[in-house]
Amino acid sequence: MSYLSENCKFSILRSSEDIKGFSCGDTPHQKSLKDYPAVLIGRLGVSEKYKGLHIGSDTIEFIKYWFIDPFNKTGCRFVIVDAYNSPQTISFYINNGFKVVFSSEEQEYRHIKEAIALKTRLMYFDLFSLTKL
């Protein structure tokens with residue numbers, strides 16, 4: 001279990017307008033209860049015809065750098081995705097630098113508090129890792 005997985009959370013609501021941000025345990029103590037802005041990748045898919053050409057990874061890389069560009073005034077700290085809960089999809093996002101928010105499916109399942117199968121996993125990428133602090 002990673003420290004980040006145990007100490008990070010999203011403000012999860014039902015529409016994109018309601019997503020407030022992301023709170024993470026590695027932020028300064030005085031700011032640990034505040035939310036941080038995030039951009040959500042709603043769904044990312046690549047046609048079977050084009051799989052293996054790095055189109056998905058290139059798209060994610062573009063999104064990451066677009067949100068740290070000095071002319072981008074969104075102020076986003078994180079890129080988040082609610083990835084399909086399959087080994088191939090989770091592996092794709094991990095290979096692109098994302099981390100799971102919850103350290104286990106059971107922990108995430110308890111968080112959503114619904115009696116449904118866990119079809120997706122919440123993942124994040126910290127844009128600060130691309131900048132010089």
Side-chain angles (χ1 to χ4, degrees):
M1 245 181 258
S2 74
Y3 176 78
L4 287 173
S5 295
E6 286 297 309
N7 293 291
C8 296
K9 70 174 181 70
F10 283 97
S11 299
I12 305 170
L13 300 165
R14 293 291 175 217
S15 73
S16 61
E17 292 82 26
D18 292 335
I19 295 175
K20 288 172 50 182
F22 178 78
S23 296
C24 194
D26 66 343
T27 55
H29 180 67
Q30 65 273 23
K31 295 183 179 183
S32 63
L33 298 177
K34 298 194 186 252
D35 292 328
Y36 290 89
V39 60
L40 170 68
I41 298 175
R43 282 290 174 243
L44 175 65
V46 176
S47 168
E48 289 289 333
K49 180 179 175 181
Y50 298 105
K51 284 196 176 178
L53 300 176
H54 305 283
I55 293 170
S57 294
D58 290 347
T59 301
I60 288 175
E61 193 77 2
F62 172 81
I63 291 168
K64 290 174 185 177
Y65 281 94
W66 187 51
F67 278 94
I68 64 165
D69 185 282
F71 295 107
N72 184 315
K73 303 299 182 201
T74 60
C76 287
R77 164 78 189 263
F78 298 95
V79 177
I80 60 173
V81 64
D82 202 18
Y84 285 121
N85 190 14
S86 72
Q88 181 181 6
T89 303
I90 300 299
S91 177
F92 168 79
Y93 283 105
I94 288 172
N95 289 338
N96 281 283
F98 284 75
K99 298 178 183 177
V100 291
V101 172
F102 299 96
S103 59
S104 70
E105 289 183 35
E106 292 77 23
Q107 185 185 35
E108 189 164 351
Y109 185 77
R110 284 193 306 269
H111 180 75
I112 61 172
K113 299 176 184 168
E114 294 181 25
I116 58 171
L118 191 60
K119 296 179 182 175
T120 60
R121 297 290 313 272
L122 199 52
M123 302 181 78
Y124 72 97
F125 178 85
D126 188 350
L127 292 167
F128 274 14
S129 67
L130 300 177
T131 62
K132 295 179 181 166
L133 299 176

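Positions are given from 1, in the same order as the sequence printed here. Everything numeric here is computed off the predicted structure, so don't read it as measured data.
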*Asks:* Among all residues two or more places apart in sequence or in another chain, which pass the side chain to side chain donor-acceptor pair (under 3.5 Å) test with S57?
*Replies:*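 Expected list: N96.
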
*Asks:* So is R121 actually on top of F102's ring, under 6.0 Å and inside 45° of the axis?
*Replies:* no

*Asks:* Taking atom CG of L130 and atom CD1 of I68, what is their separation to the nearest 0.5 Å?
*Replies:* 4.5 Å

*Asks:* Nearest heavy-atom pair of G75 and P37: which atoms, and what distance?
*Replies:*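 Smallest heavy-atom distance, with atoms named: O-CG, 2.9 Å.
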
*Asks:* Assess whether side chain to side chain contact (heavy atoms under 4.5 Å, CB included) is satisfied between F67 and I63, documenting all intermediate values.
*Replies:* CA-CA 6 Å; F67 278 94; I63 291 168; 4.0 Å; yes

*Asks:* Any salt bridge (Lys or Arg N to Asp or Glu O under 4.0 Å) pairs touching residues 48-67, not counting sequence neighbours?
*Replies:*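 Non-adjacent pairs meeting salt bridge (Lys or Arg N to Asp or Glu O under 4.0 Å): E48-K51.
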
*Asks:* Where is the tightest heavy-atom contact between C76 and A38, given as atom of each residue plus distance?
*Replies:*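 Heavy atoms only, the tightest pair is SG-C, 3.8 Å.
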
*Asks:* As an exercise, state the distance from CZ of F92 to CG of L44, rounded to the nearest 0.5 Å.
*Replies:* 5.5 Å

*Asks:* Excluding sequence neighbours, so at least two apart, what forms ring-ring contact (aromatic ring centres under 6.0 Å, His included) with Y93?
*Replies:* F98

*Asks:* Are the side chains of V39 and T74 in contact, using a 4.5 Å heavy-atom criterion?
*Replies:* no

*Asks:* When clusters are formed from ILVMFWY side-chain contacts under 4.5 Å, directly or step by step, what else is grouped with I55?
*Replies:* V46, Y50, L53

*Asks:* Please tabulate, for side-chain N and O atoms in residues 80-88, each donor-acceptor pair with protein atoms closer than 3.5 Å (sequence neighbours left out).
*Replies:*
unit_1: D82; atom_1: OD1; unit_2: T120; atom_2: OG1; d: 3.0
unit_1: D82; atom_1: OD2; unit_2: T120; atom_2: OG1; d: 3.1
unit_1: Y84; atom_1: OH; unit_2: R43; atom_2: NE; d: 3.3
unit_1: N85; atom_1: ND2; unit_2: E105; atom_2: OE1; d: 3.3
unit_1: N85; atom_1: ND2; unit_2: L118; atom_2: O; d: 3.1
unit_1: S86; atom_1: OG; unit_2: T89; atom_2: N; d: 3.2
unit_1: S86; atom_1: OG; unit_2: T89; atom_2: OG1; d: 2.9

